[in-house]
Amino acid sequence: MNHFDKGIDCYQRKDFLNADFHFKKALVEKGLQAETLDYLARCRLMLGDSRGALELFNQTIKITPTWESPYEGKARLHANREEYEEAEALARRALMLNAESAESWAILAYVCERTLRLKEAKSCYLRALELDATLEEAHVHLAVVYYEMWEPYSKCLEQLDRALVLNPHSTDALFNKGLIYKDLRRYGASKTAFEKLLAINPQDREANLELAELYKRDRQYSKAEQCLDRARKRKLYDGRDGSQT
């Protein structure tokens with residue numbers, strides 16, 4: 001495989017560091033190409049280099065101003081920064097260029113969700129999943145929107161289960177599933193969801209706190225203390241790259 005194909009393979013496996021390496025090599029081999037620049041920008045975004053990602057997205061837009069993908073990337077970047085007005089404008093720009101882009105609908109849905117326009121968020125997530133049912137994050141966030149709109153728990157769990165079929169290691173899906181089962185007083189199922197999450201990421205602070213509470217309820221005090229100890233050792237993320245330990 002050439003470096004671009006190796007980059008795609010790494011990107012699909014969420015190995016963004018090696019994907020970044022191969023996409024940079026591909027640019028050296030083939031020169032500036034919009035698709036390679038866009039993938040490299042997305043790698044930088046996933047690696048926490050928002051400034052580098054923004055520069056690469058802007059460079060991609062200069063080369064292909066009518067391609068929706070770099071606008072989607074910039075929209076996601078601004079949404080991550082909680083700059084929702086900018087994110088929405090970019091997502092809508094992407095949809096003007098391609099109304100059938102599932103990712104653009106999902107990003108717009110996320111902006112609506114975060115700005116508490118839940119009905120619009122629901123509509124956009126459903127449209128995104130109509131176009132691409134494999135969007136794991138859209139399933140998870142649609143479940144959250146259902147939850148916030150007081151929709152039946154069964155609808156929330158259905159979306160979370162769909163996310164877990166796509167990615168059995170989705171910690172977001174497992175966490176929300178644990179919370180819903182807790183609300184339903186299905187404490188055993190809630191405990192199982194949080195235990196699965198912590199088997200994937202033992203240092204997840206919120207999951208440790210939730211599971212400690214469930215262990216205390218069942219008088220499993222030593223297990224509860226282990227969870228609390230892990231939670232105490234976990235530093236809260238302060239928004240700076242590399243500050244999470």
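Pairs of residues two or more places apart, or lying in two chains, never qualify as salt bridge (charged side-chain N to carboxylate O under 4.0 Å, His left out) while including a residue from residues 51-62. Within the structure, salt bridge (charged side-chain N to carboxylate O under 4.0 Å, His left out) pairs that include any residue of residues 192-202 do not occur (at least two apart or interchain). Identified under the salt bridge (charged side-chain N to carboxylate O under 4.0 Å, His left out) test for residues 105-116, with sequence neighbours left out: none.
Partners of F57 under the ring pair (Phe, Tyr, Trp, His ring centres under 6.0 Å) rule, at least two apart in sequence or in another chain, do not exist in this structure. Residues that satisfy the side chain to side chain donor-acceptor pair (under 3.5 Å) test with Y187, not counting sequence neighbours, are absent from this structure. Take H78 and apply the ring pair (Phe, Tyr, Trp, His ring centres under 6.0 Å) test, not counting sequence neighbours, and it matches no residue. Under the ring pair (Phe, Tyr, Trp, His ring centres under 6.0 Å) criterion, H22 pairs with H3, not counting sequence neighbours. In this structure Y84 satisfies the ring pair (Phe, Tyr, Trp, His ring centres under 6.0 Å) test with no other residue, sequence neighbours excluded. D5 meets the side chain to side chain donor-acceptor pair (under 3.5 Å) test with no other residue; sequence neighbours excluded.
The hydrophobic cluster containing L131 also includes L95, W105, L108, under a criterion of side-chain heavy atoms closer than 4.5 Å among ILVMFWY residues, counted directly or through chains of members. Taking Ile, Leu, Val, Met, Phe, Trp and Tyr as members and joining any whose side-chain heavy atoms lie under 4.5 Å apart, directly or through other members, V28 forms no hydrophobic cluster with any other residue.
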Acceptor/donor pairs from residues 173-181 side chains to any protein atom, 3.5 angstrom cut, sequence neighbours excluded:
residue, atom, partner, partner atom, Å
N176, ND2, D172, O, 2.8
K177, NZ, D161, OD1, 2.5

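Distance check: N167 CG to T134 OG1 gives 11.5 Å after rounding to the nearest 0.5 Å.
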